[in-house]
Asks: 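Take a look at the following structure, please.
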Amino acid sequence: MKLRKRMIIELEPHDEKFNFKLTASAYSFSWNFNGRLYRTIIRKSNIMIGIIVQEREDRKMIAEVYSRENSLKKDEIEKEIRDHLGTDEDLEEFYKLCRSDPLLREVIEGLHVRRTDVWYASLIAVAQQNASFRQGWRMIWNLLVKYGDRVVLEGHENSPIICPPRPEFILERGEQVLKDSGYGYRSRTLIEIARTLVIEDENALRTSLRKIRGVGQYTYGLIMMLAYRDYSNPVIDRWVRGLYETVGVRNVEEYYRKHWGKYQALATWMLTVMLDALPLSKAIERVRKGELRPSYTGLTPLTLWRYY
DNA sequence: TGCCAGGCGGGGT
DNA sequence: ACCCCGCATGGC
């Protein structure tokens, strides 16, 4: 699959704080980010749009847009890109809550979640079940490299972008594709999600997601955050619980509800980035030492692209 | 080697 | 309402 260059769009973030490099780095693979260029494929009503974004010296972002179609509407494409990167997201309220939180009081501002489609969100969320950060991202990497679709952008022939295999492909080839990638017993859940997407549609999935076997509170909250920027669900696992208990929060569920409110899921995501997604025991050591900001060393959410 | 990890659901009390 | 266990897989 090859996409041709169609247009260039200048993007000005909604606020001064927006940090392109951090936003492009977080949980990116090497084909998405190389330290300077951010690339991805956005699907909009069956049209594939490739984008390459970079930041200029004046902090304005420049997006090159690639597609097979030549009748794209510039303002619609711009809206898609802004939505993907979160350039219009106002997180002031969230940052205010961070200041009075024992774990996120030193949060780095300007980092935004990149919105994905619901299928990729599901592949990410299910991979994190009962597995370390390293193991989970290894599963996703395996799946993409072994079975993903490589999309080439005109003029960038030697660095294809890898997209997750479509749900149709997973259904056709069966559970083995996921097991080959290390998903183990989690595969069944993804088969159900793929089936709902293919037989019904995204809307049906969204409303029945929580009823699918293998999708509990954690997975549901993660998918809603990544796919819809809905941060209002609690995403609390052993890791988050252990960390908050370390700093003296007794009822973590209640604290999340009352303190984080509509930013519950974002708080968890931000914490994984700030603490380098270290395994729990090491993350607790970090917290005890008061090191609440990312180290940028080793394999972490912000450096994943250097390794994978 | 065996044990555990950003969950989950089922079956016990 | 709780508590407890098994579950695929990979890393140490």
Side-chain angles (χ1 to χ4, degrees), chain A residues 26-27 101 103-104 113 116 120-147 170 174-193 196 208-227 230-231 233-247 249-257 260 263-287 292 294 298-304 307-308:
Chain A
Y27 292 103
D101 180 82
L103 295 176
L104 280 174
V113 174
T116 70
Y120 192 35
S122 303
L123 292 170
I124 294 169
V126 172
Q128 310 305 322
Q129 295 177 3
N130 196 24
S132 64
F133 154 80
R134 184 182 285 258
Q135 187 180 354
W137 281 89
R138 186 75 196 172
M139 290 175 208
I140 302 163
W141 186 83
N142 285 339
L143 182 71
L144 267 70
V145 168
K146 288 185 178 193
Y147 299 104
I170 300 290
E175 206 176 347
Q176 199 52 42
V177 165
L178 293 160
K179 293 206 165 159
D180 283 350
S181 308
Y183 273 88
Y185 66 92
R186 304 168 189 84
S187 305
R188 183 127 296 279
T189 305
L190 287 166
I191 293 286
E192 280 314 304
I193 291 175
T196 309
S208 64
L209 189 56
R210 188 62 178 80
K211 297 188 191 81
I212 289 176
R213 201 184 141 105
V215 178
Q217 184 193 55
Y218 171 87
T219 307
Y220 178 78
L222 202 43
I223 294 174
M224 294 307 282
M225 165 167 60
L226 298 175
D230 175 358
Y231 304 142
N233 302 285
V235 178
I236 300 170
D237 48 26
R238 301 191 269 227
W239 192 82
V240 162
R241 186 168 287 113
L243 289 174
Y244 274 101
E245 283 170 357
T246 299
V247 293
V249 176
R250 295 195 206 285
N251 187 337
V252 179
E253 304 262 347
E254 185 188 43
Y255 177 75
Y256 255 65
R257 231 176 14 252
W260 292 116
Y263 295 105
Q264 295 187 76
L266 185 60
T268 294
W269 186 89
M270 207 58 88
L271 193 56
T272 67
V273 178
M274 292 306 126
L275 295 179
D276 293 335
L278 289 169
L280 182 56
S281 55
K282 296 200 169 149
I284 288 176
E285 280 176 40
R286 276 269 298 265
V287 167
L292 301 178
L299 179 63
T300 77
L302 292 176
T303 64
L304 187 63
Y307 295 81
Y308 288 95

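Residue numbers start from 1 in every chain, and the chains themselves are labelled A, B, ... in the order their sequence lines are given, proteins ahead of strands.
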Asks: Partners of A:R134 by side-chain hydrogen bond (donor to acceptor under 3.5 Å, both in side chains), sequence neighbours excluded?
Replies: none
Asks: Take A:Y231 and A:W269, measure what ring pair (Phe, Tyr, Trp, His ring centres under 6.0 Å) needs, and give me the verdict at the end.
Replies: CA-CA 10 Å; A:Y231 304 142; A:W269 186 89; 8.5 Å; no
Asks: Name the first nucleotide and the last nucleotide along DNA chain C (5' to 3') that come under 4.0 Å of a heavy atom in chain A.
Replies: C:dC7 to C:dG10
Asks: Which pairs, with at least one residue in residues 276-285 of chain A and sequence neighbours excluded, count as a salt bridge (Lys or Arg N to Asp or Glu O under 4.0 Å)?
Replies: A:D276-A:R286
Asks: With P as the reference atom in both, quote the distance from B:dG11 to C:dA8 in angstrom, rounded to an integer.
Replies: 16 Å
Asks: Quick check against the 3.5 Å criterion: does A:T246 have a side-chain atom that pairs as donor or acceptor with the backbone of A:I284?
Replies: no
Asks: Nearest nucleotide by nearest heavy atom, which residue falls closer to the 5' end of DNA chain C, A:R186 or A:R138?
Replies: A:R186
Asks: To the nearest Å, how far apart are A:Y244 OH and B:dG6 P?
Replies: 16 Å
Asks: Separation of A:Y183 atom OH from B:dG7 atom C1', in whole Å?
Replies: 14 Å
Asks: Could you give the distance separating B:dG6 and C:dC2 at their P atoms, to the nearest angstrom?
Replies: 24 Å
Asks: Sequence neighbours left out, what passes ring pair (Phe, Tyr, Trp, His ring centres under 6.0 Å) with A:Y147? Give chain and number order.
Replies: none
Asks: What one-letter contact string describes nucleotides 8-13 of chain B from 5' to 3', where B marks a base within less than 4.0 Å of any protein heavy atom, S marks contact via sugar-phosphate atoms alone, and - marks no contact?
Replies: SSS---
Asks: Determine the interplanar angle of the A:Y244 and A:Y255 rings, folded into 0 to 90°, and report it as parallel if under 30°, tilted if 30 to 60°, perpendicular if over 60°.
Replies: tilted
Asks: Do A:T268 and A:Y256 pair up side chain to side chain, a donor and an acceptor below 3.5 Å, judged on atom types alone?
Replies: yes
Asks: With a 3.5 Å cut-off and sequence neighbours excluded, list the donor-acceptor pairs that the side chains of residues 213-224 of chain A form with protein atoms.
Replies:
{"residue": "A:T219", "atom": "OG1", "partner": "A:Q129", "partner atom": "NE2", "Å": "2.8"}

